[in-house]
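Side chains included, hydrogens not; waters and symmetry mates left out as well; all remaining heavy atoms used. Every value quoted in this text rests on a predicted model; they were computed, and no experiment measured them.
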Amino acid sequence: MEVLLCPEPSLSIRIAVPCLLNRLNIRSSLRFPAEIGGRWIARARLPAVKAVIDSATLDQLGMTESEIRNPAVSSTYRSSKLPKPNLTVLEAQARVCTGPEMTKPLSEEQAFKVFDTILRSVRGELKDEDRVSRAQLGAFFAGMTIRANAFPEATQWSEGEKRAIGTFWPQLVRALPPDVVFIADPEGSIMGSSIGPQFVGNDTTEMRLVGALREVLAGGHLGYEEVQGVLRDVLPLNVEEDGKDSSKESLVSAFLIGQRVNRETDRELKAYCLAFDDELGPPPVADVRSLTHYGEPYDGNTRFFRSTLFVAAIRSCYGESSLLHGVDWMPPKGGITEEQMLKFMGANTHLTPLQAKDLLEDKDLGFAYLSQREARPSLYSLIQVREHIKKRPPLATTEKVQQLVRVSHIIFTVFVVLTYSYSLFLAIYASGREAVVAGFYHEGYEEPLLMLMRRRGVSRQSFSIVVDAKDYGFQSTDTPRTDRSVSKNIELGLAALHGQKGPAYDRIVLNAGMIDHLLGCDGAEDVHSALDRAREAIDSGRALKRFLNYIKASNKMK
């Protein structure tokens, strides 16, 4: 294990855990509900599991063959109803819709290809997946405008980009819709257009968004109330085939990517985090001894084993309740999520916060999963836009720090920062009562996430500790790989819960035991005791029983 020490007192740990699980046979039998094709997991290798659904079942479910999901590939959980972005422009967005230092200007050849694609699309010459969406137009031109207005010389427009724009703009300004021309030239100072300075939006809900965008496109920042007002005005976003809300699609995408390109301030992130806390009313209050909120990256894992679902089942065995939240599929990674695993195994993933509260309070369960679809429908309406803007918006940071169900008592809080070899975790804890654990992939998000946790009304106590996994009997090897395979991830997790020793088992035990210890949970004061308690929950079969009980209990919720 490699240790990272922060300048200020806090905890920063890098842990490499054993992996490389050999082929295995699951020794128990579990049949999943008929609604997912009557799949069996029984004395068989999970990668060989196949879902066979006949035409009568398809008709009964109202599904088409294109909507059947391959359990080996997480990307098949992407809704077939979502239009795909134009790949030529999407590749350009990956270069120009990023920060002041990370942006990579387009070469002349690339720029000419991109602007030619945009022109042919807005003229109606490109159809279906080749068409450049309004969201892509909004994001691309927002990135270009902010580069021209506020970026350092090295990442402003290249000479090739200038020549391409000079060639295509006289045609584009006549073909692009007014909202996109506004994004490309909001003050008329870049292209000399008169449309941008005069544009105010198509209705009252767009007026505040357009006003805020003028500041964002100039490289500026907004206040807390201003960001919240914009979000509440325009969401949920309903982009329909008849073109309704199409201008909002371009403006919202420009707003989201523009704030990310400008590097959001604390007050802007706070607004994204708290804007929809009351969307469904006050969160229900669970009568549990403790509650840990797990918010891992919503776009999932593409390479490595995602263990949190199995960790939650273990921790529930000794009274540490967990609430997980996320989505079925999310760009840009489009990786494995807890919802995909639960859906494949037949669990109900359409629970309301009140139903999740009931499952948390069930003495035989003690953990639950909530989808953003049910818990924050306004934010869920942005999935299509989020795919078409290419880069992660501010929401990718803030949505992980949610408290969708609360507990009635909070005593005191402690921050814990853990850095793993496969991902990073942050946690805030209220002794024996409430905790938030948020995961992220890239360093640099520690302070923003901790700030958001503090904004939720908790105090801070920092400390540092050095942990070497080898001191607790773990051998460092590669992390278990799943490579987007939902069924492989389930295979590893269920094998571990069956007591199959190996890297996945060790990873789950280490995650459960160390979180318990570092959060100060009762009975986990000693690290070895915390790890032994997690092992006992597995080896006794209690964790597996709770996991299977959850699948059954979730389907009984009405």
Side-chain angles (χ1 to χ4, degrees), residues 82-99 103 114 117-118 121-122 129 131-147 172 176-186 196 199 201-203 205-219 222 227 230-240 243-264 268 271-272 275 298-299 330-332 378-399:
L82 295 176
K84 292 184 177 180
N86 176 280
L87 294 181
T88 297
V89 178
L90 199 69
E91 291 174 2
Q93 291 170 241
R95 296 176 63 93
V96 304
C97 293
T98 184
T103 285
V114 168
T117 300
I118 291 173
S121 178
V122 295
E129 294 180 13
R131 186 178 69 89
V132 183
S133 71
R134 290 283 272 270
Q136 285 190 274
L137 291 173
F140 174 76
F141 281 109
M144 294 293 289
T145 298
I146 294 173
R147 288 174 60 204
L172 284 171
L176 289 170
D179 48 287
V180 178
V181 176
F182 156 69
I183 296 168
D185 194 17
F199 185 78
N202 295 322
D203 54 48
T205 63
E206 287 186 9
M207 293 181 66
R208 176 154 45 180
L209 175 57
V210 170
L213 259 176
R214 290 192 185 278
E215 183 67 27
V216 171
L217 294 172
L222 306 174
V227 174
V230 167
L231 295 174
R232 289 172 175 170
D233 278 352
V234 301
L235 299 182
L237 184 66
N238 300 306
V239 181
E240 301 176 4
K244 181 182 178 181
D245 275 0
S246 57
S247 61
K248 286 190 181 67
E249 185 181 6
S250 61
L251 296 171
V252 168
S253 67
F255 184 78
L256 294 175
I257 203 65
Q259 292 233 286
R260 175 47 55 94
V261 167
N262 288 338
R263 293 178 172 172
E264 319 91 302
E268 290 170 330
Y272 278 96
Y298 275 29
D299 60 350
M330 179 69 77
S378 288
L379 301 183
Y380 189 77
S381 73
L382 288 170
I383 285 185
Q384 176 179 328
V385 165
R386 290 175 68 164
E387 181 179 17
H388 285 231
I389 67 175
K390 180 59 178 178
K391 294 291 186 177
R392 293 180 180 88
L395 288 167
T397 299
T398 63
E399 64 197 354

| query | Testing Asn238, Asp203, Asp179, Asn202 for side chain to side chain donor-acceptor pair (under 3.5 Å) with Lys248, which one passes? | reply | Asp203

| message | Within this structure, what is the CG-CG distance for the pair Leu379 and Leu237, rounded to the nearest 0.5 Å? | response | 12.0 Å

| query | Is there a donor-acceptor contact under 3.5 Å from the side chain of Glu268 to the main chain of Leu222? | reply | yes

| Quick one: are Val216 and Asn262 in side-chain contact, heavy atoms under 4.5 Å? | yes

| What heavy-atom pair brings Ile389 and Ser253 nearest, and what distance separates the two atoms? | CG2-CB, 3.4 Å

| request: Would you sort out whether Leu137 and Val122 count as a side-chain contact (heavy atoms from CB on, under 4.5 Å), showing the intermediate values? | output: CA-CA 10 Å; Leu137 291 173; Val122 295; 4.1 Å; yes

| field | Non-hydrogen atoms of Phe199 and Arg214 that approach each other most closely | value | O-NH2, 2.7 Å

| Do Phe140 and Val114 come within less than 4.5 Å of each other through their side chains, counting heavy atoms only? | yes

| message | Looking only at side-chain N and O atoms, does Glu249 offer a donor or acceptor that is under 3.5 Å from a partner on Ser133? | response | no

| Which heavy atom in Gln136 sits nearest to a heavy atom in Asn86, and how many Å separate them? | OE1-N, 2.8 Å

| query | CZ/Arg232 to CG/Leu235 distance, rounded to the nearest 0.5 angstrom? | reply | 11.0 Å

| Between Arg260 and Thr397, is any pair of side-chain heavy atoms under 4.5 Å apart? | yes

| said: I'd like to check Leu382 versus Val252 (side-chain heavy atoms, cut-off strictly below 4.5 Å). Are they in contact? | reply: yes

| Check: Ala139 main-chain N/O paired with His388 side-chain donor or acceptor under 3.5 Å | no

| Met330 side, atom CE; Tyr380 side, atom OH - distance, nearest 0.5 Å | 8.0 Å

| said: Taking side chain to side chain contact (heavy atoms under 4.5 Å, CB included) as the definition, give me every residue that meets it alongside Thr98, ordered by chain and number, with sequence neighbours left out. | reply: Met102, Thr103, Lys391

| task | Give the minimum heavy-atom separation between Ser381 and Ser378, together with the two atoms involved. | result | OG-O, 2.6 Å

| field | Presence of salt bridge, Glu91 and Arg95, under 4.0 angstrom | value | no

| field | Least distance between heavy atoms, Ser250 atom then Val180 atom | value | CB-CG2, 4.2 Å

| task | Please report the C-alpha distance between Phe182 and Leu251 in whole Å, then the side-chain angles of each, then the deciding distance to 0.1 Å, and finally whether the side-chain contact (heavy atoms from CB on, under 4.5 Å) criterion is met. | result | CA-CA 9 Å; Phe182 156 69; Leu251 296 171; 4.0 Å; yes

| field | Distance in Å, Leu217 CG paired with Asp185 CG, rounded so as to fall on 0.5 Å steps | value | 10.5 Å

| request: Only counting residues at least two apart or in another chain, list the ones meeting salt bridge (charged side-chain N to carboxylate O under 4.0 Å, His left out) with Glu399. | output: Arg386

| query | How close do Cys97 and Gly143 get, heavy atom to heavy atom, and via which atoms? | reply | SG-CA, 4.3 Å

| task | Under the side chain to side chain contact (heavy atoms under 4.5 Å, CB included) rule, collect the residues that match up with Ser121, sequence neighbours excluded. | result | Leu126, Arg131, Val132

| What is the distance from atom CD of Gln259 to atom OH of Tyr272, rounded to the nearest 0.5 Å? | 4.0 Å

| remark: To the nearest 0.5 Å, atom CZ of Arg134 lies from atom CG of Leu176 at 9.0 Å

